[in-house]
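Input: a single structure, listed below in structure tokens.
Reminder, nothing fancy here: chain letters follow the sequence lines and each chain counts from 1. All of these numbers come straight from a predicted model, not from anything done at the bench.
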Amino acid sequence: MIRFEDTAVRYAGTDRDALGGVSFEAAAGQLTAIAGPNGSGKTSCVRALLGRAPLVRGRVSIGRDDRAGMDARAFARRVAVVTQREEPAFPLAVREYVALGRHPHQTPWRSDAARDASAVSGALARAGIEALAERRTDTLSGGEWQRARVARALAQDGEALVLDEPSAFLDVAHEMALFELLASIAATGHAVLMVSHQLNLVARFADRLVLLDQGRVAADGPPAQVMDGPTLERVYNWPLVVTRDPAVGAPTLVPLRKRAGGPR
Amino acid sequence: MPTRALVALIVLLLIAAACGVAFGSATLTPAELWRALAQGDTGTATSIVRDVRLPRVALGALVGAGLGMSGAALQGTLRNPLAEPYLLGVSGGAAVGAVLAVVLAGAHGLLVPVAAFAGALVAVLVVLVVARAAGGRGDARLLLMAGVVVGAFANAAIMLALANAPANTVRGATWWMMGSLADADWFQVRSLAALLVLGGGALLWMAREIDVLALGAEAAASLGVEPDAASRRVFLWASLVAAATVSAAGLVGFVGLVVPHLARGAGARAHRGALVASAIAGAALVIASDVLARVALRPTELPLGAVTAIIGVPFFLVRLRKLA
């Protein structure tokens, strides 16, 4: 559904590619995760998808369409993106904010009010923030705000959902609820692509894991295959082991303490 | 926005307009006012009300509405609570145009407003070109900085133009820069109304886009808005609206800055409501300020731009307290 083909990005004023030609696909019906150390190019993938990063090579496509040839509104009707950071310049009620997800489906004076209202209510319910609907966005906690942003993307009602570190600021329960929600969205045939540092949760929920290192794909495949101790240790440049979680059986990364000769 | 707040703003506007018709340098009795408005006899009172006060109130309403809408659109688009048309080169450009007209040709007829309008448009185009040359095209931060720089350049140009000008020319130019509705006539009202219907309509048309732009460039791109192109579009229309008001009344400061905050404080959060509320509140503020400017030291008139600030500051301070 969302395909990166030899995609290379270089920002103005830098002498190295932020993305050095990556190729992978986030398929419909799957939860695909992108992981990798800071500066490995995860967010550049999201920016390239948004058309906000200068492509020096390759392409990004949505289904059969080249992203570069799509207008912004047509893109937004198909793909909803939750970027890493966002802050409204002036506070809105949460319901008003979530309703902005309907923007790609509206024209300045016309909108399908009934469909918009039902999409907004549905998104508030799925993100578990119905009780916050009338609160102002500047009164939300970090986690509540993050869920409001996910709700806005759900209201967009596209074929694909892309999220850049959506579980930052979330407590354990809300983080689990978010991963469950994303897996359930993927199960209904949507393509879900998320950038995440939570490798242990990715291992349990994602169908596919793309590991980036210095702007290139270091490994790509089912999480059980990609979460290989030596590969992760090399990419993250930190001593670690990958074991199997005794409770759920998924591969689990355990970073070790860097103490020469001491207990780890 | 809440209906109650909207009704309250409309009531305030009507009260201000009624005061604008009732009070002025000449004292008219209620009976004279009624005869002038309803019966239209040919007396002095009718002439004062119909040819002086009514166009003045109408022009004040249009100037305030235009500045309020322009400020609300710019603050949302540039994501900056301090953004206003006067910060972004419009006023500087208009002032250069007006001052050059006064210095080179003397202040008469339509020359000053036309020169002010042309100066404002040139300044806006220069801001867009400077922002583009800096590589940002419609980048909100670059538009803001380019606007401030063009404004500073315009101020320097005004000082140079006035440095060796005769005293009465300096006085005329200075008075223009302080803003006034004293020369209001129905031709000005009709001209400004036509420009505002066009510009204000365009801003209302773009209101949802402004809501999305206020979330930031990446979020806007994810919601189907090309942030750079859309920012430039809003900037251009908001500046056109401000330029039209400046050419009609000179520099009426503070309205574009403070009124959108008051509108938001009244509950107008999304921009369609904020633009409408800013238009009504701006109209009320300018008309009320003009009444005060006329009657405070009768028969001398105070500069309108100073009075809008004097009336606006307490409202703004109350709003700041609520924001803190």
>> Would B:Arg264 pass as a cation-pi partner of A:Phe90, given that its NZ or CZ must be under 6.0 Å from the six-membered ring centre and within 45 degrees of the axis?
In response: yes

> Which residue out of A:Leu100, A:Thr83, A:Val82 racks up the most heavy-atom pairs below 4.5 Å with chain B?
Replying inline: A:Leu100

> Between A:Arg85 and chain B, which part of the residue has a heavy atom less than 4.5 Å away: side chain, backbone, both or neither?
Replying inline: neither

> Do side-chain atoms of B:Arg79 reach the backbone of A:Glu87 as a donor and acceptor pair under 3.5 angstrom?
Replying inline: yes

> Between A:Ala93 and chain B, which part of the residue has a heavy atom less than 4.5 Å away: side chain, backbone, both or neither?
Replying inline: both

> Which atoms of A:Arg77 come close to chain B, meaning under 4.5 Å heavy atom to heavy atom: side chain ones, backbone ones, both, or neither?
Replying inline: neither

> Does B:Asp211 come within less than 4.0 Å of B:Arg269, counting only side-chain N to carboxylate O?
Replying inline: no

> Looking at A:Ala99, A:Ala76, A:Ala12, A:Pro91, which has the largest count of heavy-atom pairs under 4.5 Å with chain B?
Replying inline: A:Ala76

>> Any donor-acceptor pair under 3.5 Å linking the side-chain atoms of B:Gln75 with those of B:Glu84?
In response: no

>> One thing to verify: whether A:Glu159 and A:Arg78 come together as a salt bridge, which I'm taking to mean a side-chain N less than 4.0 angstrom from a carboxylate O.
In response: yes

